[in-house]
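This report refers to the structure that appears directly beneath it.
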There are 2 protein chains.
Amino acid sequence: MARSQTTKKLTRIQRQRTDIILEAALDVFSDFGFRGSTIDMIAKRAKLSKPNILYYFDNKEAIHVTVLAKLLETWLAPLHAINEDNDPIDEICKYIEQKLNMARDFPRESKLFANEILQGAPHVLPELQGTLKDLVAQKVEILEAWSKDGKIAQVDPHHLFFSIWATTQHYADFDIQVRSVLDNNTKDPFDTAGPFLKTMFSTMLTP
Amino acid sequence: MARSQTTKKLTRIQRQRTDIILEAALDVFSDFGFRGSTIDMIAKRAKLSKPNILYYFDNKEAIHVTVLAKLLETWLAPLHAINEDNDPIDEICKYIEQKLNMARDFPRESKLFANEILQGAPHVLPELQGTLKDLVAQKVEILEAWSKDGKIAQVDPHHLFFSIWATTQHYADFDIQVRSVLDNNTKDPFDTAGPFLKTMFSTMLTP
DNA sequence: AAAAAACTTGACCGTATGGTCAGATATGTA
DNA sequence: TACATATCTGACCATACGGTCAAGTTTTTT
């Protein structure tokens, strides 16, 4: 009696298996997308039988939704951390660094998220229009305050966020393209991307 | 006798139908990805029967490959256009504008390409490592020459290209996220993105 | 006009996949 | 220990999908 659990109390095994399944699912979904992934693939990776997977999750979509929900939390954490009271340029640079580190350390999450958005965000649209929009609005206010106080140059705060997201996530999502274009003997792109991006955004934002 | 055509001469009908099929395929593939698309979907959109589609293309993958090949040409055109002899900042701004226009006017192409890269570029990896890499190398030389002559600031040319690609394509690929975050009553994001991006890159590149 | 070639399709096949189920096994509990 | 509950699985089902084929229709060629 685990499937479509309504009670809150989880057994030890439930917690273990659920974690294993979600980890395997993240692997598979980020590699093949939702439609390209099969429950059997997830089962194999999780070293569980297919019916066993379906004992813990109602269906394939339920797994996907759960993976996405978990991912979104992680994904928004750096944005939350932007603090009005610190030095503006430092805060933005810190944010860029954190986003870039996430692209490096959690490429599966980045790719899965990109995939979801590309398909029109069928599972997370409400989150985008709610949580994300509100959070961004809040941080946009901070940027506008900094702008008004002359602490940073006047730039469109929304587009600033879009650019930071785009440039940092690019190194995870388009990794294969980045590495194809670069010489094989050049350094890890992530190492040189950090200074480049920080320079770019600092230069633009310095009043 | 159209399937896996080896001769060059195409009949009127072959050209017509092939175009219709590729157009429908672009629609479908860009919406659902390769695995998420079915030949029936393409057939329906093209208003042809499934066997008829397979009369013109050997299989589903052949359609996909053809769509991608066509797309790549269009995709690289603006990069080709960068000219060493014009004003550097103007050239970069022109390139940004062209890439942004493509994101606006050919979002299906942008999304399909993004999808392909996300999945590890299974069908265009040789193109990336050949055509694209060579073309970029050539344009990188131009940037380095400009840099050396003091016409633009010293920045890593590869990362500059990555950033331009990332920021411009973002407005096509992540369109749903961009629009979710913005207020509904704000202007079309594409209109404000152009000036923002040109400012950002000009500021960084001005010596 | 007639033959040849190109084009089109309904019906069909094999496989992959999401999901079910009855029953077996392990785990916890009195 | 015995009972209950949770966990697990082989076998199975229905559907969707990629692809084939024989037979039909249309277009082009002679």
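Keep in mind it's a predicted model, so treat the numbers as computed, not measured. Order of the sequence lines sets the chain letters (A, B, ...), proteins ahead of strands, with each chain counted from 1.
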> In whole Å, what is the span from the NZ atom of A/K60 to the C1' atom of C/dT17?
Replying inline: 8 Å
>> So if I take residues 24-45 of chain A and measure heavy-atom distances to DNA chain D, which residues fall below 4.0 Å?
In response: A/R35
> Is any side-chain nitrogen or oxygen of A/R17 closer than 4.0 Å to OP1 or OP2 of D/dA6?
Replying inline: no
>> Check this one for me: any side-chain N or O of B/Q14 less than 4.0 Å away from OP1 or OP2 of C/dA6?
In response: no
> Between atom CG in A/L54 and atom C1' in D/dA11, what is the gap in whole Å?
Replying inline: 15 Å
> Between B/F57 (CZ) and C/dC7 (P), how many Å, whole number?
Replying inline: 13 Å
>> What is the distance, to the nearest angstrom, from the CD atom on B/E61 to the P atom on D/dG18?
In response: 12 Å
> Checking salt bridge (Lys or Arg N to Asp or Glu O under 4.0 Å) for the pair B/D183/A/K133: CA distance, chi angles, key distance, verdict?
Replying inline: CA-CA 9 Å; B/D183 278 329; A/K133 184 182 173 175; 3.4 Å; yes
>> Does A/K99 qualify as a cation-pi partner of A/W75, given the criterion of NZ or CZ under 6.0 Å from the six-membered ring centre and within 45 degrees of its axis?
In response: yes
> Quick one: which of D/dA11, C/dG18, C/dT8 gets closest to the side chain of B/Y56?
Replying inline: C/dT8
> Over how many whole Å does the gap from B/I53 atom CD1 to C/dT8 atom C1' extend?
Replying inline: 12 Å
>> Testing the 3.5 Å rule here: is there a donor-acceptor pair between the side chains of A/T192 and B/D156?
In response: no
>> Hydrogens and angles aside, do B/H170 and A/Q169 bring a side-chain donor and acceptor to less than 3.5 Å of each other?
In response: no
>> Apply salt bridge (Lys or Arg N to Asp or Glu O under 4.0 Å) to residues B/D31 and B/K111 and explain how you reach the verdict.
In response: CA-CA 8 Å; B/D31 257 22; B/K111 286 183 177 188; 5.7 Å; no
> Which one, D/dC8, D/dC21, D/dA6, comes nearest to the side chain of B/P51?
Replying inline: D/dC21
>> Output the rounded distance in Å from CD1 (B/I13) to C1' (C/dA5).
In response: 11 Å
> Looking at A/D40 and A/R45, does any basic side-chain N land under 4.0 Å from a carboxylate oxygen?
Replying inline: no
>> At less than 4.0 Å, is any side-chain N or O atom of B/Y55 found next to OP1 or OP2 of C/dT8? Yes or no.
In response: no
>> Working note: A/Q14 + A/T18, criterion side chain to side chain donor-acceptor pair (under 3.5 Å); need CA distance, chi angles, decisive distance, verdict.
In response: CA-CA 6 Å; A/Q14 272 163 28; A/T18 308; over 6 Å; no
>> As a test of reading the structure: which of C/dG19, C/dC7, D/dG18 is closest to the side chain of B/K50, going by heavy atoms?
In response: D/dG18
>> Under 4.0 Å from OP1 or OP2 of D/dT7: is there any side-chain N or O of A/N52 that close?
In response: no
